[in-house]
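Ligands are counted one by one from 1 in listed order, and the atoms in each one are counted from 1 as well. Residue numbers count from 1 along this sequence. These numbers were taken from a predicted model, which means no experiment stands behind them.
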Amino acid sequence: MPGIVPPGSKVLVSGANGYIAARVVRTLLEKGYAVRGTVRSEEKGTHLKKIFAGYGEKFETVVVEDITKEGAFDEAVKGVHAIEHTASPFHFKADDPQELIEPAVNGTRSILKSALNESSIRRIVVTSSSAAILSILPERKVFTELDWNEQSIEEVKQGKNASQVSKYRASKTLAEKAAWDFYEASNTNRSWDLVVLNPPFVFGPIIHDVSSPAALGTSAGDWYNSVVRPDMGGKTIEAITTIGGGWVDVRDIALAHVLALQKQEAGGERLLISKGEFVYQDFIDTANALSPSPIPSHTDLPKGRPGAGKDFVAKIVYDASKASKILGPELVYHTMEETTRDTLADFEKRGW
Ligand code: NDP
């Protein structure tokens with residue numbers, strides 16, 4: 001029967017070496033699950049094996065070289081009770097939109113298809129994004145799980161000329177649509193139900209393998225460039241005070257992935273997971289106000305235009321109340337101050 005997956009069960013996490021996924025793995029292990037993580041090469045599993053060595057046989061990795069191939073996950077799904085599908089490209093460097101869309105959509109279809117063969121699977125959680133929900137509108141709008149980003153799908157019809165954000169947003173929208181379509185079409189022959197999580201920008205301390213700030217992923221890298229680098233990564237005052245978005249701490253989106261396995265009512269739902277809106281000036285002000293400073297040796301944090309974030313009126317606002325209701329009181333979001341302090345302390349420890 002589809003439904004909840006209790007601690008003690010085995011969970012497959014795709015793209016386990018990623019920023020969010022490594023946290024999902026850690027949270028699952030902490031809560032008593034066994035985890036099998038997929039990586040694209042043996043080498044990419046080395047760091048994970050090291051940091052989760054204390055869990056012994058409860059953590060293992062398997063190599064899935066090409067997630068888009070039919071049957072790619074057939075071996076990986078054997079004997080698991082749930083899947084957290086996070087693997088998908090997240091960058092703003094694509095030339096052809098298909099560079100993002102193909103692995104996002106076909107990777108999703110491929111893992112769901114493999115999951116049809118494994119009757120032990122009770123639930124699948126897919127990491128989508130608020131990118132699959134938002135639209136750019138002239139007016140302010142509070143977005144909910146009822147909204148779909150059709151705008152980016154239209155925009156990528158221009159091919160290479162579409163904006164970078166549209167290419168990524170279209171990949172997430174089309175992948176999530178593919179997941180729901182597959183779910184409906186396989187209604188009579190699957191043992192599992194589907195939960196989709198839609199976070200906005202994810203920030204917070206990293207535990208995956210990153211050698212330098214330049215190698216940080218898209219969201220953590222953007223935070224580092226804006227809040228830590230004295231030149232704000234070359235961003236203008238206008239950019240850090242007027243271009244905003246929603247955000248959530250990586251530890252909270254990881255916990256949401258685990259809670260999504262534990263709540264019956266989550267089955268068949270998409271859930272916006274968001275702490276709130278921000279402009280980088282807010283994080284910059286928070287970083288400068290921390291006392292005691294988590295980075296005593298680092299005195300050249302950017303200042304931007306202190307206080308200017310307060311004038312920012314977000315046009316895109318996310319209503320995350322459905323997730324709070326379904327995932328329950330355990331999901332308590334980290335505050336901006338906590339996320340900023342812990343992220344800076346993490347960077348300080350790494351000498352960044
Ligand atoms: P990372 O880049 O840190 O991790 C992405 C993971 O996906 C890695 O394991 C990566 O493998 C794998 N991957 C990327 N491209 C491919 C591909 N073509 N084929 C197979 N595997 C691939 O990203 P995040 O942790 O930030 O993102 C994880 C998920 O969360 C993604 O689905 C993303 O869209 C979503 N998300 C992220 C947000 C954020 O702010 N970070 C916000 C909202 C959603 P490898 O290391 O081998 O490249």
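Ligand 1 has an N or O atom lying under 3.5 Å from an N or O atom of V202, backbone or side chain. Any N or O atom pair closer than 3.5 Å counts here, and R40 shares at least one such pair with ligand 1.
Between T173 and W148 there is a side-chain heavy-atom pair separated by less than 4.5 Å.
Shown here is K303, whose NZ atom has more than 12 heavy atoms of other residues, nucleotides or ligands within 6.0 Å. Surrounding NZ of K235 are more than 12 heavy atoms belonging to other residues, nucleotides or ligands, all under 6.0 Å away.
Taking 4.0 Å as the cut-off between side-chain N and carboxylate O, K322 and E269 count as a salt-bridged pair. Salt-bridge formation is not detected for the pair K177/D181: no Lys NZ or Arg NE/NH1/NH2 atom is positioned less than 4.0 Å from an Asp or Glu carboxylate oxygen. At a threshold of 4.0 Å, the pair K113-E70 counts as salt-bridged, since one of the basic side-chain nitrogens sits closer than that to a carboxylate oxygen. Between E330 and K31 there is a salt bridge, since a side-chain N of the basic residue sits under 4.0 Å from a carboxylate O of the acidic one.
With a heavy-atom cut-off of 4.0 Å, S41 does not touch ligand 1 at all. By the criterion of a heavy-atom distance under 4.0 Å, the backbone of S128, and not its side chain, is placed next to ligand 1. Contacts of H91 with ligand 1, taken as heavy-atom pairs under 4.0 Å, are absent altogether. The proximity of F203 to ligand 1, defined as any non-hydrogen pair under 4.0 Å, does not occur for either the backbone or the side chain. Under 4.0 angstrom from ligand 1, the non-hydrogen atoms of Y19 come from both its backbone and its side chain.
Annotation: F90 is not in aromatic contact with Y19 [ring centroid separation under 6.0 Å not met].
Each of F203, F201, Y224 was compared with F283 under the ring pair (Phe, Tyr, Trp, His ring centres under 6.0 Å) criterion, and only F203 meets it.
In this structure, atom 2 (O) of ligand 1 has no protein heavy-atom contact shorter than 4.0 Å.
With atom 24 (P) of ligand 1 as the reference point, the heavy atom nearest to it among I20, I253, T68 is part of I20. The heavy atom nearest to atom 5 (C) of ligand 1, out of those in S129, S88, A16, is found in S88.
By the 30° and 60° cut-offs, the orientation of the rings of F73 relative to H85 is perpendicular.
Close approach of ligand 1 to F201 (heavy-atom distance below 4.0 Å) involves ligand atoms 40 (O). Near A87, meaning under 4.0 Å from any of its heavy atoms, are these atoms of ligand 1: 7 (O). For ligand 1, the atoms closer than 4.0 angstrom to any heavy atom of S219 are 39 (C), 40 (O), 41 (N). For ligand 1, the atoms closer than 4.0 angstrom to any heavy atom of P103 are 18 (N).
Assignment of P200 to the shell around ligand 1 is supported, since a heavy atom sits closer than 4.0 Å.
Counting only heavy atoms of the protein, atom 28 (C) of ligand 1 lies nearest to T86 O, 3.8 Å.
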